[in-house]
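Notes for the one structure printed next.
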Amino acid sequence: YELAQLALKVLPLTNLKKMLDNAGRALEVLEGTPSKVALPLSYLKNKKGIPSDQNYNPDKDNCGLIWFAPLMPLDPPIVRDFVQELSRICLLYDIEPLITLTSFSSRCIDSTIPILFSKENPDDIENAKKCYEELLLSCKKMGLVPYRLDIDHMELLHDQNITTFKLASNIKQLVDPKKLFARGRYIK
């Protein structure tokens with residue numbers, strides 16, 4: 001990438017430079033470097049609209065957005081069923097199914113679904129919460145789990161019948177019998 005960037009300083013290949021810049025930014029995101037590219041998305045249901053000065057601050061601007069991000073195997077029938085089911089659920093709650101799929105390897109796909117809503121509309125807020133919960137429960141039935149959950153929904157993933165959760169609960173009970181640390185986080 002750096003060698004290509006150096007060559008572009010010498011060669012006037014504008015389109016190639018633009019493509020390499022975009023590819024470089026995409027690689028940075030996959031490596032965990034924060035990007036502002038998706039921030040305007042959070043303003044789609046905000047009555048004030050997207051800031052014209054591009055000074056994005058979705059929290060300060062009272063944007064309604066919940067991220068749902070499950071992982072799944074790179075298996076066409078599973079991906080097809082996933083997209084169909086999650087689209088159905090989103091539309092049921094009047095949420096646009098903005099489903100992205102990003103391949104991390106030859107075996108794993110990350111899906112990112114922004115649940116957009118107006119914080120000024122109580123029905124929108126309720127629909128967003130119900131949509132998130134149903135997406136989570138549906139994915140759980142398919143054997144797919146998010147790589148990250150918000151604090152309000154962590155307990156929905158917990159299943160005491162799964163050995164991993166039993167073991168984690170037992171360890172937590174030994175280490176933290178008074179439940180002082182990380183209350184409500186992933187394990188009970």
Q. Tracing side-chain links under 4.5 Å among I, L, V, M, F, W and Y, which residues wind up in one group with Leu174?
A. none
Q) With a cut-off of 6.0 Å (strictly less than), are more than 12 heavy atoms of other residues, nucleotides or ligands near NZ of Lys140? A) yes
Q | Residues in salt bridge (Lys or Arg N to Asp or Glu O under 4.0 Å) contact with Asp176, at least two apart in sequence or another chain | A | Lys172
Q.
Applying side chain to side chain contact (heavy atoms under 4.5 Å, CB included), can you list everything that pairs with Ser105, at least two apart in sequence or on another chain?
A. Arg107, Cys108
(Q) For the CD atom of Gln173 and the CG atom of Asn170, what is their distance to the nearest 0.5 Å? (A) 8.0 Å
Q) How long is the span from the SG atom in Cys131 to the CG atom in Leu136, to the nearest 0.5 Å? A) 11.0 Å
Per-pair distances, 0.1 Å, donor-acceptor, side chain in residues 54-73, under 3.5 Å, sequence neighbours excluded:
from: Asn57; atom 1: OD1; to: Lys60; atom 2: N; distance (Å): 3.1
from: Asp61; atom 1: OD2; to: Tyr43; atom 2: OH; distance (Å): 2.5

Q) If you take all heavy atoms of Leu74 and Ser103, which pair is closest and at what distance? A) CD2-OG, 4.2 Å
Show me, pair by pair, the donor-acceptor contacts under 3.5 angstrom made by side chains of residues 110-119, not counting sequence neighbours?
from: Asp110; atom 1: OD2; to: Thr112; atom 2: OG1; distance (Å): 3.3
from: Ser111; atom 1: OG; to: Thr100; atom 2: O; distance (Å): 3.0
from: Ser118; atom 1: OG; to: Glu120; atom 2: N; distance (Å): 3.2

For residues 78-98, tabulate all N or O donor-acceptor pairs below 3.5 Å that involve a side-chain atom, not counting sequence neighbours.
from: Glu85; atom 1: OE1; to: Arg88; atom 2: NE; distance (Å): 3.2
from: Glu85; atom 1: OE2; to: Arg88; atom 2: NH2; distance (Å): 2.8
from: Glu85; atom 1: OE2; to: Ser138; atom 2: OG; distance (Å): 3.3
from: Ser87; atom 1: OG; to: Val83; atom 2: O; distance (Å): 2.8
from: Tyr93; atom 1: OH; to: Glu134; atom 2: OE1; distance (Å): 2.7

Q: Identify whether Leu44 and Leu39 are in the same connected component of the hydrophobic contact network (ILVMFWY, side-chain heavy atoms under 4.5 Å).
A: no
